[in-house]
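Beneath this line is the structure, given in structure tokens, with notes to follow.
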Amino acid sequence: MKRWTNLALFVLLGLAFTTGWVAFFYSTAPSRASLIVHAVSGYAIVALTPWKAVIATHGIQRRRPGWWASLVFTALVITSVLAGILHSTGLLLGIGSFSAMEIHVAAALAAIPFVAWHVIARRIPMRAVDLSRRSLLRAGTLAAGAGLTYGAGEVAVRLLSLPGSTRRLTGSYEYGSLQPSQLPVTQWLFDSVPSIDPATWRLAVRTANAVREWTYAELLAFDDRVQATLDCTGGFYSTQDWSGVWLSELLTPHPNPPPQGGREMSIYVRSLTGYDRRFAIEEAGRLLIATRLGGMPLDPGHGFPVRIVAPDRRGYWWVKWVTAIRIDTLPSWWQLPFPVQ
Ligand code: HEM
Ligand code: HEM
Ligand SMILES: Nc1nc2c(c(=O)[nH]1)N[C@H]1C(S)=C(S)[C@@H](COP(=O)(O)O)O[C@H]1N2
Ligand SMILES: [Mo]
């Protein structure tokens, strides 16, 4: 049981970590599907506490080198799980200037080096016994119990009308919809708001054989509109009215066929700050180059002079302060799944 518990924790930690990021990647149904697996693996970790406590108590008594690092690791896992539950129930959505979701993910990220060390320093021999019928039966029981816990939690949140009952399928909470002044200003990680002079600013749009530089005044003349939901991985979402121009409108068809060397595959969008994202070419008609929010020009925090509005994509795709757009032959998956800036 001891070895089985550690092995199960190993699998569950990996599953929780992976499904968390998959949920962050999507803004639609796959996000919820992943979060169900995520929550169930989280509760399964919690359910193993009594068994792991026995192992840990014994281990601590042995005072093996680095035993304290296992305690730091334990604290990080507890912090992450607690913050996750506080977020999902809505019992506590923020501590200081951090959202419960940010703390949840930060603690999980901080735990990575510790878990790597822990499984190497305390590694367990793999034996055929780990795949026995009994092990599988245990795994099934654990999954069923954790699944019921998740289901019961979702029912309880609704019966008690906790704030968690209002969250979107990604787990995000509504904030300031249709009230532009209430839309929070957030960055992915380290970016800061640049100050841009609209008189000299240009949006360079490069296609296979042409570059067109758009001025702010030219872009302001368009009035394509969309109501879209910005769903930030920090744990909030906000639906607003945006206007500007569909990117496809700016990609005038070229007179000559594109030069040899490959098919146009993706749309590369870059901010003045260097923050960038790559989209599939098919999305050109669904990406708005927004100049206005709620009918008013964007303010600097929200991406002045122009930003991307990418309906049905998570907030981190909504590149602000765009200066360059390029159609190129690299596939759209040719980028890190999440920005690092
Ligand atoms: C939720 C995840 C986990 C937590 C919070 C946790 C915590 C701990 C703590 C506090 C100890 C005692 C201190 C020490 O010996 O360093 C320990 C020991 C140990 N852990 Fe973990 N651990 C976790 C997951 C794992 C995993 C995934 C494995 C293996 C794949 C593992 C294998 C072990 C082993 C073999 C020991 C030594 C027990 C002994 O010396 O008798 N643990 N763990
Ligand atoms: C040690 C790793 C992790 C564990 C054990 C864990 C566990 C949990 C738990 C127990 C919940 C509450 C589930 C519920 O009641 O609905 C939760 C929620 C959540 N977690 Fe994690 N998590 C981990 C890492 C991550 C990471 C790395 C991400 C994202 C990159 C993430 C994203 C989320 C999201 C979005 C929710 C909210 C789900 C909702 O409100 O429906 N988690 N997590
Ligand atoms: N250049 C740039 N654009 C960015 C970001 C960033 O850090 N840099 N953050 C993204 C993230 S994570 C979100 S949620 C939205 C937030 O938009 P808002 O500040 O207008 O609410 O902008 C996106 N666009
Ligand atoms: Mo975000």
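In listed order, ligands and their atoms are each counted from 1.
The aromatic rings of Phe304 and Tyr216 sit perpendicular, their planes meeting at an angle over 60°, well past the 30° parallel limit.
Using a non-hydrogen distance threshold of 4.0 Å, Gln341 does not register as a contact of ligand 3. Residue contacts with ligand 3 include Pro184, since one or more of its heavy atoms lies under 4.0 Å from the ligand.
In this comparison of Phe338, Trp321, Trp188, the heavy atom closest to atom 7 (O) of ligand 3 sits on Trp188.
Under the 3.5 Å distance criterion, the side-chain polar atoms of Ser88 are matched with a main-chain donor or acceptor of Gly84.
The protein heavy-atom contact nearest to atom 11 (C) of ligand 3 is Gly315 O, 3.5 Å. For atom 3 (N) of ligand 3, the closest non-hydrogen atom on the protein side is Lys320 N, 3.0 Å. Shortest contact from atom 24 (N) of ligand 3 to any protein heavy atom: Trp318 O, 2.9 Å. The shortest contact between atom 28 (C) of ligand 1 and any protein heavy atom is with Asn6 CB, 3.6 Å. Among all protein heavy atoms, the one lying closest to atom 8 (N) of ligand 3 is Asp191 OD2, 2.7 Å. Among protein heavy atoms, the minimum distance from atom 22 (O) of ligand 3 is reached at Arg307 NH2, 3.3 Å.
Residue contact check: Leu13 has heavy atoms under 4.0 Å from atoms 2 (C) of ligand 1.
Between His58 and ligand 1, a contact under 3.5 Å exists for at least one N or O pair.
Across Ile308, Asp276, Val319, a single residue satisfies side chain to side chain contact (heavy atoms under 4.5 Å, CB included) together with Ser271, and that is Val319. For the side-chain hydrogen bond (donor to acceptor under 3.5 Å, both in side chains) test with Asn6, the passing option among Arg123, Lys52, Arg122 is Lys52; the others fail.
Contacts with ligand 1 closer than 4.0 Å are made by side-chain heavy atoms of Ile124 only, the backbone lying farther away.
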